[in-house]
Protein chains: 2
Amino acid sequence: MNRRNTPAKEAVLHLLAQSGKALSHDAIERELDIDVNRATIYRVLNQFCEDEIAHRIVAEDGKQYFAICKKCEPHEVVHHHFHFRCVSCDTIECLQIPVQYAVPDGYDVRHANCVLTGTCNACA
Amino acid sequence: MNRRNTPAKEAVLHLLAQSGKALSHDAIERELDIDVNRATIYRVLNQFCEDEIAHRIVAEDGKQYFAICKKCEPHEVVHHHFHFRCVSCDTIECLQIPVQYAVPDGYDVRHANCVLTGTCNACA
DNA sequence: TTTGTAATTGCAACAAAGTTGCATTAGTAA
DNA sequence: TTACTAATGCAACTTTGTTGCAATTACAAA
């Protein structure tokens with residue numbers, strides 16, 4: 001499936017890159033300059049994840065958040081870092097802190113979804 | 001608000017305790033011996049979390065899972081351990097592995113939601 | 001430039017998870 | 001037994017995310 005460049009993709013990509021944070025679908029829809037249908041935004045975001053342009057985090061609110069973080073560009077085998085959700089400013093950011101663990105024998109970890117919640121330094 | 005003992009609460013509590021895993025609402029509804037309304041199950045589960053009898057984990061599927069784990073009974077200030085979701089047997093269990101991190105200055109962590117995903121030793 | 005194909009989009013309908021208002025039922029303390 | 005109020009069931013609703021389908025549109029090839 002060849003990818004095509006479209007205004008919707010460009011706008012979402014730009015927004016994610018420029019925000020530097022993990023954004024939920026509704027935040028993206030709200031902050032986008034142009035009008036893009038909800039379904040389209042989801043499709044674009046899912047495609048970004050498929051193509052490993054962005055990664056997806058599921059927060060405690062059960063919602064998906066999408067982020068592009070340069071630091072994890074060279075996708076490691078276990079490209080996992082903590083995320084921080086600030087309850088005050090309601091944003092999620094990627095922390096450059098690797099998730100460290102040692103699982104019991106026989107366990108095979110393919111993915112990690114780690115979100116810390118609290119207040120960030122800007123809101124302290 | 002005084003708590004009352006009811007068949008629904010007892011059944012859910014017993015199921016959670018006996019399963020030893022983190023269960024989603026629908027798994028609970030399915031495995032319960034008695035019929036309990038969906039809304040009631042949610043209310044019971046939320047109450048357990050409020051009373052710190054159980055804890056809630058949100059997995060990558062965006063669903064809430066509830067668990068009672070004896071090991072974390074004496075609720076530490078930061079009572080956080082990893083959870084493991086096995087994609088093969090579709091269960092979530094509490095790992096007795098503490099979540100370790102060092103957040104940047106000014107960040108105040110109140111809660112952690114960490115789920116590792118892969119295959120467990122039973123399914124390897 | 002023009003054209004053809006398939007990727008993309010919008011719309012509407014849908015599914016799943018979870019919550020809530022309200023009337024009824026049922027613990028439990030007095 | 002009684003009275004009070006917590007708990008329940010039901011139905012309606014909200015939110016998040018997905019999907020089928022017809023209409024557009026990006027883009028490579030002619």
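Labels below follow one simple rule: chain letters A, B, ... track the order of the sequence lines, proteins then strands, and each chain is numbered from 1.
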Using whole Å, what does the distance between atom [atom2] of nucleotide [N] and atom [atom1] of [X] come to?
X: B:Ile41; N: D:dA7; atom1: CD1; atom2: P; value: 16 Å
X: B:Gln47; N: D:dA6; atom1: CD; atom2: P; value: 10 Å
X: A:Asn5; N: D:dC27; atom1: CG; atom2: C1'; value: 11 Å
X: A:Phe48; N: D:dG17; atom1: CZ; atom2: P; value: 17 Å

From the set [options], return the single nucleotide nearest to any side-chain atom of [X].
X: A:Val36; options: D:dC4, D:dT8, C:dG10; value: C:dG10
X: B:Tyr42; options: D:dA7, C:dG18, C:dA7; value: C:dG18
X: A:Arg4; options: C:dT9, C:dT5, D:dT18; value: C:dT5
X: A:Arg43; options: C:dA7, D:dG17, D:dG20; value: D:dG20

- [ ] For residues A:Tyr65 and A:Ala59, report the shortest heavy-atom separation together with the two atoms involved.
- [x]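 Taking every non-hydrogen atom into account, CE1-CB, 3.7 Å.
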- [ ] Establish whether the base of C:dA7 is bridged to the side chain of A:Arg3 by a donor-acceptor pair shorter than 3.5 Å.
- [x]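 A donor-acceptor contact between them is absent.
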Open item on the list: If you go through the side-chain atoms of A:Arg38, does one of them form a donor-acceptor pair with the base of D:dG17 closer than 3.5 Å?
Closed with: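 Answer yes: a donor N or O sits under 3.5 Å from an acceptor.
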OP1 or OP2 of [N] versus the side-chain N and O atoms of [X]: is any pair under 4.0 Å?
X: A:Thr6; N: D:dA26; value: no
X: A:Thr40; N: C:dG10; value: yes
X: A:Asn46; N: D:dT18; value: yes

Open item on the list: Within the 3.5 Å criterion, strictly below it, is a donor on A:Asn113 or B:Arg85 matched to an acceptor on the partner's side chain?
Closed with: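 Result is no, nothing qualifies.
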Open item on the list: Quick check: on DNA chain C, is the nucleotide nearest B:Tyr65 upstream (toward 5') of the one nearest A:Val44, or the reverse? Name the residue that is more 5'.
Closed with: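 Residue closer to the 5' terminus by nearest nucleotide: A:Val44.
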TODO: Can you spot which of A:Leu16, A:Leu13, A:Leu45 makes a side chain to side chain contact (heavy atoms under 4.5 Å, CB included) with A:Ile53?
DONE: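 Going through the options one by one, the only one that passes is A:Leu13.
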Task: Summary of side-chain hydrogen bond (donor to acceptor under 3.5 Å, both in side chains) pairs that have at least one residue in residues 9-18 of chain B, sequence neighbours excluded - done: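 Listed once each, the pairs are B:Asn5-B:Glu10, B:Lys9-B:Gln47.
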TODO: For DNA chain C, find the residues of residues 7-35 of chain A with a heavy-atom distance under 4.0 Å and give them by number; none if there aren't any.
DONE: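 Heavy-atom cutoff 4.0 Å gives A:Ala8, A:Lys9, A:Asp35.
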Task: Any residue of residues 57-64 of chain B with a heavy atom less than 4.0 Å from an atom of DNA chain C - done: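 Only B:Lys63, B:Gln64 qualify.
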Open item on the list: Within the supplied structure, the quantity of interest is the number of heavy atoms (other residues, nucleotides, ligands) at a distance under 6.0 Å from B:Asn2 CG; does it exceed 12?
Closed with: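 Check fails, neighbour count at 12 or below.
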Task: Note, A:Pro7 side chain near A:Ile34 side chain (heavy atom, < 4.5 Å) - done: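 A:Pro7 reaches A:Ile34 side chain to side chain.
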- [ ] Answer yes or no: is there an ion pair linking B:Lys63 with B:Asp26, defined by an N-O contact shorter than 4.0 Å?
- [x]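 Between B:Asp26 and B:Lys63 there is a salt bridge, with a charged N closer than 4.0 Å to a carboxylate O.
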Open item on the list: Any carboxylate oxygen within less than 4.0 angstrom of a Lys/Arg side-chain nitrogen, looking at A:Arg43 and A:Glu50?
Closed with: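 Answer for the salt bridge query: no.
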Task: Aromatic plane relationship, A:His83 with A:His55 - under 30° parallel, 30 to 60° tilted, over 60° perpendicular - done: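 A:His55 vs A:His83 ring planes: tilted.
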Open item on the list: Students often get this wrong, so: under 4.0 angstrom with heavy atoms, is B:Asn37 touching a base, only sugar-phosphate, or nothing?
Closed with: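 Counting heavy atoms under 4.0 Å across all strands, the contact made by B:Asn37 includes a base.
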